A.B. asks: 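Here's a structure for you.
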Amino acid sequence: MFHAKLQSMENVEIAERLSEVADLLEIQEANPFRVRAYRNAVRTIEGLTRSLAEMVEEGEDLTELSGIGEDISGYITEMVETGEFQLLRDLHDEVPPTVADLLDLEGIGPKKAKKLWEELDIETVDDLEDALDGGRVVELEGFGQKTAEKLRQAIEDFREHRERFRLGDADRWVEPLLEYMGEAPGVEELDVAGSYRRRKETVGDIDLLVACDDAGPVMEHFTSYDLVERVIEAGETRGSVVLRPGLQVDLRILPGESYGAALQYFTGSLEHNVKLRKRALDDGLRVSEYGVFEIPEGVDPDEMEPGEGERVAGETEEGVYEALGLVWMPPELREDRGEIEAAGEDELPDLVELSDIRGDLQMHSTWSDGKNTIETMARACQERGYEYMAITDHSRRVSVAGGLDEDELEEQWKEIDGFEGDLDIEILRSLEVDILKDGSLDLDDEHLEKLDLVLVSVHSYMDLDGAEQTERIVTAVSHPAVHVLAHPTGRRINERQPYDLDVEAVLEAAREHDVAVELNANPERLDLSDRHVFRARELGVPVVISTDAHSTDNLRYMEYGVAQARRGWLEPDDVLNTRSLSELKKWLDRE
DNA sequence: GCCGTTTTCGGCCCGACTGTTTTCAGTCG
């Protein structure tokens, strides 16, 4: 059984406080490596699938987590046990906490924030706006008219658009942009790098790379794109614009001989690159976006000019990794989650691909809230080359979506019987059965037994406290008829937080009861997250990648689900719907 | 502040652009 936990403090709160320490220390001009140490710890915590509070309660040694040493381990324990964080309190006595908010403005770093605060008594974004209106900012040393104008824009952006773009939304702007940039004069290579290439669930901006000999006309072409709202900067090799929906695009133009190194560098992640470069330095190599260079004997790498030293790689990404003694790795893995070590041992996972997917196991029809009939959905699935599919309309309780009761479900089966013979795809009788408040299911046992596939999920009482919500879902997963837990955390990216839920306990329960967890491929959900998918794989819990399509068009979401699965290191065998129909049926029958 | 089969001390990734600095600091990615 799982333990109801006394979670005095969530990981996210601990991470936020440590992050605030980093900001405040930076404003105080503390040792930059000390600042980075706090940020590294924050990153580690954000990636955890387990609760720190629980780890503290169970007496685990937090210093075994990377980036967390004696000091920060002590601070975490202090926060968990007392709810207090004395270091942060002390810092607040020295720097008002709101001064750190200024760092969120584009163009304001720690030095400028400090100066604004110390010399003009500016503590908040509102203060800064007043000071700009009063003409006081331009009089500061290091600030001028241009800076003042940029700060006004930064304040506007800060208030208007603070969120990252969901990958699916970014795609709508990136695809036409790529088409347009492909028409620029002399373009030899063109790619999007950055988190977009890593297929991260959200992207902050778009990093565009171009290889060509003459940069000028390409930059000109870029800044004259129809959808550009404003140009932030346009240098010889680097430019930045904001597109009308508020999406920033950075363009980098390079010669072909450096293109692979640039693609590697700008794909990131930052953490991946830091580790890679450190590893290179140990081997006497220096990596930059221009290539991999040998550091000459007796030369201090810090004294080297950009591009100095003998170039040993740079034209291709494969070559860059090879020069560092590594095999090329898929962008989705480049998060410094062990991929560099795995590449060094040639033990990278053989990641699942879209072409491995043999069926889609969650979709809706006009029987509940879908836009298309079952037959239309089935034909669309068949066109995608699937062997099987599941029709998973809502159950009765989800009345706003027109959920089905037992009688309607039987009617639905008759409809499927009517045309199934004309199609070359297996239609699994299924239902997205609502999990009721107490963890029981919204369909009687007789009908649950008759279903080929039982999907369960939460659509109500999303704000239960963690212990109750966890127990509810664990109860549902424990029902012997259940096969798949759908959209397990209920989050909607940029819109709704996940339920307060002990995901680890749910995954453990899924393993115990031979239940698979869904990776909902809808780009607004992508639920589970890459971290939790990774954890499911570690625990040996099968993952189902499903689109939750409400129309034939939504079936294309499978691509996003597969990308997220790859970010979670899934191989084809980890994914239930890569199996053949007969293998899938065996699993469903628990043979 | 963290970390270590080259180190328990001395490192910690690297380069472009902008503005106001007359030689480079600050910010960003």
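Each chain gets a letter, A, B and so on, in the order its sequence line appears, and its residues count up from 1. Owing to the predicted nature of the structure, the values given are computational and were not obtained by experimental measurement.
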A.B. asks: Check every atom of B/dT18, B/dC13, B/dG29 against the side chain of A/Glu233 and return the nucleotide holding the closest atom.
C.D. replies: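 Out of B/dT18, B/dC13, B/dG29, the nucleotide with an atom closest to A/Glu233's side chain is B/dT18.
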A.B. asks: Can you tell me how the ring of A/Tyr38 sits relative to the ring of A/Tyr75, calling it parallel under 30°, perpendicular over 60° and tilted otherwise?
C.D. replies: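 A/Tyr38 vs A/Tyr75 ring planes: parallel.
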A.B. asks: What is the distance, to the nearest angstrom, from the CG atom on A/Leu270 to the P atom on B/dC13?
C.D. replies: 9 Å
A.B. asks: Which value, in whole Å, describes the distance between the C1' atoms of nucleotides B/dC28 and B/dC13?
C.D. replies: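 One C1' to the other, the span is 14 Å.
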A.B. asks: If you check every side-chain atom of A/Thr147, which of B/dC12, B/dG29, B/dT20 has the closest atom?
C.D. replies: B/dT20
A.B. asks: Between side-chain atoms of residues 208-223 of chain A and protein atoms elsewhere (two or more places apart, or another chain), which donor-acceptor pairs fall under 3.5 Å?
C.D. replies:
residue  : atom : partner  : partner atom : Å
A/His221 : NE2  : A/Tyr180 : O            : 3.0
A/Thr223 : OG1  : A/Met219 : O            : 3.2
A/Thr223 : OG1  : A/Glu220 : O            : 3.2

A.B. asks: Just call it for A/Glu106: base, sugar-phosphate, or nothing, with non-hydrogen atoms closer than 4.0 Å on any strand.
C.D. replies: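 Touches sugar-phosphate only.
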A.B. asks: In whole Å, what is the span from the CG atom of A/Leu140 to the C1' atom of B/dT20?
C.D. replies: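 Interatomic distance, CG of A/Leu140 to C1' of B/dT20: 13 Å.
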A.B. asks: Of all the nucleotides listed (B/dG15, B/dT27, B/dT20), which has the minimum atom distance to the side chain of A/Lys111?
C.D. replies: B/dT27
A.B. asks: Nearest whole angstrom, please: distance from the P of B/dC28 to the CG of A/Leu102.
C.D. replies: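 Rounded to whole Å, this separation is 12 Å.
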A.B. asks: Which whole-number value in Å describes the distance from A/Ile108 CD1 to B/dA25 C1'?
C.D. replies: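 Interatomic distance, CD1 of A/Ile108 to C1' of B/dA25: 15 Å.
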A.B. asks: Could you work out the separation of B/dT6 and B/dG1 based on their C1' atoms and round it to a whole Å?
C.D. replies: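 These two C1' atoms come out 23 Å apart once rounded.
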A.B. asks: It should be established whether A/Tyr290 places a side-chain nitrogen or oxygen under 4.0 Å from OP1 or OP2 of nucleotide B/dA16.
C.D. replies: yes
A.B. asks: For A/Pro32, which contact category applies under a 4.0 Å heavy-atom criterion: base, sugar-phosphate, or nothing?
C.D. replies: nothing
A.B. asks: Applying a 4.0 Å non-hydrogen cut-off, can you work out what A/Ala234 is touching in the nucleic acid: base, sugar-phosphate, or nothing?
C.D. replies: sugar-phosphate
A.B. asks: Other residues, nucleotides and ligands only: do more than 12 of their heavy atoms fall within 6.0 Å of CD on A/Glu20?
C.D. replies: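 Check passes, neighbour count above 12.
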A.B. asks: Can you build the contact string for nucleotides 1-7 of chain B? Use B for base contact, S for sugar-phosphate-only contact, and - for no protein heavy atom under 4.0 Å.
C.D. replies: BSS----
A.B. asks: Hey, are A/Glu335 and A/His272 close enough side-chain-wise for a donor-acceptor pair under 3.5 Å?
C.D. replies: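 A/His272 vs A/Glu335: no donor-acceptor pair found between side chains.
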A.B. asks: Sticking with atom P, work out how far B/dT8 lies from B/dG4, rounded to a whole angstrom.
C.D. replies: 13 Å
A.B. asks: Evaluate side-chain hydrogen bond (donor to acceptor under 3.5 Å, both in side chains) for A/Asp191 paired with A/Tyr259, printing each intermediate quantity in order.
C.D. replies: CA-CA 10 Å; A/Asp191 283 284; A/Tyr259 194 74; 2.8 Å; yes
A.B. asks: Please give the distance between the P atoms of B/dG26 and B/dT20 as a whole number of Å.
C.D. replies: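 Between the two P atoms, the distance is 14 Å.
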A.B. asks: If the glycosidic angle is within 90 degrees of 0 it's syn, otherwise anti, so just tell me which one B/dT7 is.
C.D. replies: syn
A.B. asks: What is the separation between atom CD on A/Gln248 and atom P on B/dG29, rounded to the nearest whole Å?
C.D. replies: 6 Å
A.B. asks: For a quick test of reading the model: is some side-chain N or O of A/Arg286 closer than 4.0 Å to OP1 or OP2 of B/dG15?
C.D. replies: yes
A.B. asks: Check A/Arg197 with A/Glu317, please: is the shortest side-chain N to carboxylate O separation under 4.0 Å?
C.D. replies: yes
A.B. asks: Could you tell me whether A/Lys150 contacts a base, only the sugar-phosphate backbone, or nothing, with contacts defined as non-hydrogen atoms closer than 4.0 Å?
C.D. replies: sugar-phosphate
A.B. asks: For the backbone of A/Ala261 and the side chain of A/Ser258, can you confirm whether one donor and one acceptor N or O come within less than 3.5 Å of each other?
C.D. replies: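 No.
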A.B. asks: Taking any strand in view, what nucleotide pairs with B/dC24 in a Watson-Crick or G-U wobble way, both distances under 3.5 Å?
C.D. replies: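 Answer to the pairing question: B/dG19, which forms a Watson-Crick or G-U pair with B/dC24.
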A.B. asks: Rounded to the nearest angstrom, tell me the gap between atom CZ in A/Arg36 and atom P in B/dG29.
C.D. replies: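 The distance from CZ of A/Arg36 to P of B/dG29 comes to 16 Å, rounded to the nearest Å.
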A.B. asks: Round to the nearest Å and state the distance from A/Lys112 atom NZ to B/dC28 atom P.
C.D. replies: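 It is 8 Å, rounded to the nearest whole Å.
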A.B. asks: Mind checking if A/Leu105 touches a base, just sugar-phosphate, or nothing, with heavy atoms under 4.0 Å?
C.D. replies: sugar-phosphate
A.B. asks: Measuring only the C1' atom in each nucleotide, how far is B/dC3 from B/dT7? A whole number of Å is fine.
C.D. replies: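 B/dC3 and B/dT7 have their C1' atoms separated by 10 Å.
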A.B. asks: Between A/Arg535 and A/Glu538, is a salt bridge (charged side-chain N to carboxylate O under 4.0 Å, His left out) present by the stated rule, with each step listed?
C.D. replies: CA-CA 5 Å; A/Arg535 184 64 181 146; A/Glu538 280 184 330; 2.8 Å; yes
A.B. asks: As a test of reading the structure: which of B/dG15, B/dG29, B/dC13 is closest to the side chain of A/Tyr265, going by heavy atoms?
C.D. replies: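 From the listed options, B/dG29 comes nearest.
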A.B. asks: Please report the distance, rounded to the nearest Å, between CD in A/Glu26 and C1' in B/dT27.
C.D. replies: 10 Å
A.B. asks: Less than 4.0 angstrom from a charged side-chain N to a carboxylate O is my criterion; do A/Arg199 and A/Asp171 meet it?
C.D. replies: yes
A.B. asks: Which is true for A/Thr237 with a 4.0 Å heavy-atom rule: it touches a base, it touches only sugar-phosphate, or it touches nothing?
C.D. replies: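 The residue A/Thr237 makes sugar-phosphate contact but no base contact.
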A.B. asks: Could you measure between the two P atoms, the one in B/dT18 and the one in B/dT5, and give it in whole Å?
C.D. replies: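 Per the computed distance, 43 Å lies between those P atoms.
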